[in-house]
2 protein chains.
Amino acid sequence: MTKQTDDAGQGQIRQSNERVILAAAEAMFARAGFSGTTMAAIAQASELPKANLHYYFGSKEAIYRAVLARILNDWLAPADAIHSEADPRTAIEQYIRAKMALSKQRPDASKVFANELLHGAPLVKELLATELRKLVKAKVAVLQAWMDQGRMAQVDATHLFFTIWAATQTYADFDVQVSAVLGHNNLSAKAHARSTEHVVSLILRGCGLSQ
Amino acid sequence: MTKQTDDAGQGQIRQSNERVILAAAEAMFARAGFSGTTMAAIAQASELPKANLHYYFGSKEAIYRAVLARILNDWLAPADAIHSEADPRTAIEQYIRAKMALSKQRPDASKVFANELLHGAPLVKELLATELRKLVKAKVAVLQAWMDQGRMAQVDATHLFFTIWAATQTYADFDVQVSAVLGHNNLSAKAHARSTEHVVSLILRGCGLSQ
DNA sequence: GTCTATAGACGGATAGAC
DNA sequence: GTCTATCCGTCTATAGAC
């Protein structure tokens, strides 16, 4: 009762509160960026007093770091679809669909990450140059092997990743622009399905994997 | 001498100073966004006293508006390449090359615009829903006619624009990520040329306009 | 028309009561 | 462990000297 050295007791409350704070922070950072987001705004969205954010995380930057860390994990996962035993067409199609699903399900996460990149990636630059670079190198080798075997068209595999990232994330990051041009107020599930089919078919044909 | 009602006299100085301020502001807004940019920073970059910025523009938001306005004009111009008398392949290739050139030549403009969209486009939302939507509609009609004539593959023409914008602007907006993955410190002219050839060939093949 | 000096508001962080 | 009240630095904007 008096002892609470392990994470069992109030650790539950801490864990729950941290989760609430990070979710609120992600939404606020997506909407206004790092400088445009105030601790008061995160506190209000979390329905917690401002001082508690400092109690749990210490500083605004620490909250931002925590939000980014949570995002990065999820961001790299879809690349699993691309492995040497897979069929080229299926692998790339799965990868694109997974990225499009992320755009639909976690638009705020995408925006926070985009914002970080846009402003020079001060916090994740190192990770990009190490982990992401390593991951892309490995996947590029897989794609290159498929090209050498004549199983898909010759494209620059590294740049193909840049194009897939850009084409899929634009539906999360720049949704206002997409909605405005389409004449909608926001992107419906139907509109998103249409976007997905477009990106899949354009890229697959671009890779010589259909027609 | 005493009369200065026209723009001839000190109007020269005003025009020159406004130009300097807007150029400096574009660079700062690209680096740090609206909230992250201080008037002091713009003043230092302009080599003008802080109060002069207020003298010329009135407020920080007015400077931001002026920067955005300058960008929007240049942004829509490349679409001229797409008109009904043109050859489909030439038109789309020209359009992509023009957008890639903009990414190379005006990366800061691209970043300011991307940042505005990312945060919900409070200032340009209306323009997107009117001018941009109208422009895209017109160009989509041209592309659709080409498809109906069997001169290119059936793709969703509106979404094709989204993909081209995303694929080309990613080299300006997310240059840190591209550089990190490629293992460079920044994007050389050679790397940019390679990027351009990639985007051109991928999209053209995706549109059934090569091989 | 230009610039210094300052007002006034806001935001991040913390002290200290509970 | 939680929260109120407050400090202190920073930022936008402007008043007023030159």
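Each chain gets a letter, A, B and so on, in the order its sequence line appears, and its residues count up from 1. What's counted below: heavy atoms across the whole structure, side chains too, no hydrogens, waters or symmetry copies.
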_Centre-to-centre under 6.0 Å for A/H159 and B/Y171, is that the case here?_
yes

*So what does B/Y56 touch, heavy atoms closer than 4.0 Å: a base, only the sugar-phosphate, or nothing?*
sugar-phosphate

*asked:* What is the separation between atom CG on B/L48 and atom P on C/dG1, rounded to the nearest whole Å?
replied: 14 Å

_For B/Y55, does the six-membered ring have the charged nitrogen or CZ of B/R14 within the cation-pi criterion, i.e. under 6.0 angstrom from the centroid and within 45° of the normal?_
yes

*What do you reckon, is CD of A/E126 surrounded by more than 12 foreign heavy atoms closer than 6.0 Å?*
no

_From CD1 of A/I42 over to P of C/dA13, roughly how many Å is that when rounded to an integer?_
10 Å

*Atom-pair distance (CG on B/L53; C1' on C/dG1), nearest Å*: 15 Å

*Under a 4.5 Å cut-off applied to non-hydrogen side-chain atoms, are B/F161 and B/V140 in contact?*
yes

*Heavy atoms under 4.0 Å is the rule here; annotate nucleotides 12-18 of chain D 5' to 3' with B where the base is hit, S where only the sugar-phosphate is, and - elsewhere.*
BBB----

*So, is B/N52 near the phosphate of C/dT2, with a side-chain N or O under 4.0 Å from OP1 or OP2?*
no

_Short side-chain to backbone donor-acceptor contact, B/E116 and B/L123, under 3.5 Å_ = yes

_How many whole angstroms separate atom CD of B/Q44 from atom C1' of C/dC3?_
16 Å

*What residues form a ring-ring contact (aromatic ring centres under 6.0 Å, His included) with B/F174, not counting sequence neighbours?*
none

